[in-house]
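First listed ligand is number 1; within each ligand, the first listed atom is number 1. Quick caveat, the model's predicted, so the values are computed rather than measured.
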Amino acid sequence: MKHRLKIWLRVALAHVFHLTGLRGLFRSRRAGIPVLMFHNVGYPAETDYLPGHMKIGEPKLRRLLKHLARAGYRTRTMDQTVDDLAAPVPPADTVALTFDDGYRDNHDILLPMLREFDATATVYVQTGPMKGKLNWLHHYFWVLHKVGPHALAELLAEQIDRPHLRADLAKLSSDETQAEYDMKRLLKYEITAEDRERILATIFEAQGGDDATLARSVYLDADDCRALDKAGVELGAHTVNHLILSGLEPNQQRLEIEGSLRDLEAWLEHPIPSFAYPYGRSWDYDDTTREILVELGFRSSVTAMTGLNDASTPALDLKRIAVNQDSRLAEVLCEVDGVFAWLSRRGLDLRV
Ligand SMILES: [Zn+2]
């Protein structure tokens, strides 16, 4: 089926099933447990520089939680979800909520909302920023937001010594979105990780950026983590520096994973059973990553791959459904009810 037709049909069916209430009929036949994936909640000014696909507004998230509560869904942490998946008959009325990276809005905006709905969630925390260190991507987004893609390309060209890359930067498209895409690809794949970190940090500082100030305004700190933990929200590990694990030597992978685990254990004074892979596509982690997670005693790890989870889904490759401000509620709710999974078992694959 052509992609556009598939999307059109998916949206149309989602609205029909949602508006008629028919989607509820699929629940008892639900063949898997949904795990929803979010990042930032609300639009606090200090997160202006972060891209829109990571954000969901407070009213939209409240509407989603209201729908789930009205339909009788129970929200679950990932640690609870691992138990649910092991049950002889997995529950048809659960949904796990997960929030990646450890943004401060998860404490300031999300936590009161979870309390309002008597809901819970898992927040995956990257611990480097909590100790004042931001990675290259934050530096990149921050400078991009401040000066725009073409001025950033000029700043990069001053720092990069290879002539062919400078030539590429000089002839970026006049279209800002395209220029941004090409520039990010160049940074990701054409220069080494060390150069990338160093160059972006240099530009960030030259533009007046300060790691400690930005990190504190955007990320949770240890006290916020303890407050979430006390309120029944699970905190999971998400590495120290949010690097692509499969690109690291085994000992570096271990430092990244174990570092975030030990930080959280020290702050919360109890074991941390849940992990989320940075970036989360199947090529962003490998067997070495899984071995390290097993050795460290993690019970589960979530990816950014789409789908529901059942007893046959490996606990270290759990799937999620990404939700942001652009998501249509009807589609998200149909995913949670298992509508699209049911249709695909009957030969109509509208999963994206
Ligand atoms: Zn992340």
Checklist entry - Less than 4.0 Å between a side-chain N and a carboxylate O, is that true for Asp118 and Arg115? => result no

Checklist entry - Does the gap between the ring centers of Phe141 and Tyr49 come in under 6.0 Å? => result no

Checklist entry - Does the ring center of Phe26 lie less than 6.0 Å from the ring center of Phe17? => result yes

Next on the checklist: Quick check on the Zn ion (ligand 1): does Asp100 put an N/O/S atom closer than 2.8 Å to it?
Outcome noted: no

Next on the checklist: Using a distance threshold of 2.8 Å, state whether an N, O or S atom of His39 lies below it from the Zn ion (ligand 1).
Outcome noted: no

Item to check | Identified ring-ring contact (aromatic ring centres under 6.0 Å, His included) counterpart of His242 within the set Tyr279, Trp136, Tyr219, Tyr124 | outcome: Tyr279

Next on the checklist: To check your reading of the site, what angle at the Zn ion (ligand 1) do NE2 of His242 and NE2 of His238 form, to 10°?
Outcome noted: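 It rounds to 90°.
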
Checklist entry - Of all N, O or S atoms in Asp101, which has the smallest distance to the Zn ion (ligand 1)? => result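 Result: OD1.
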
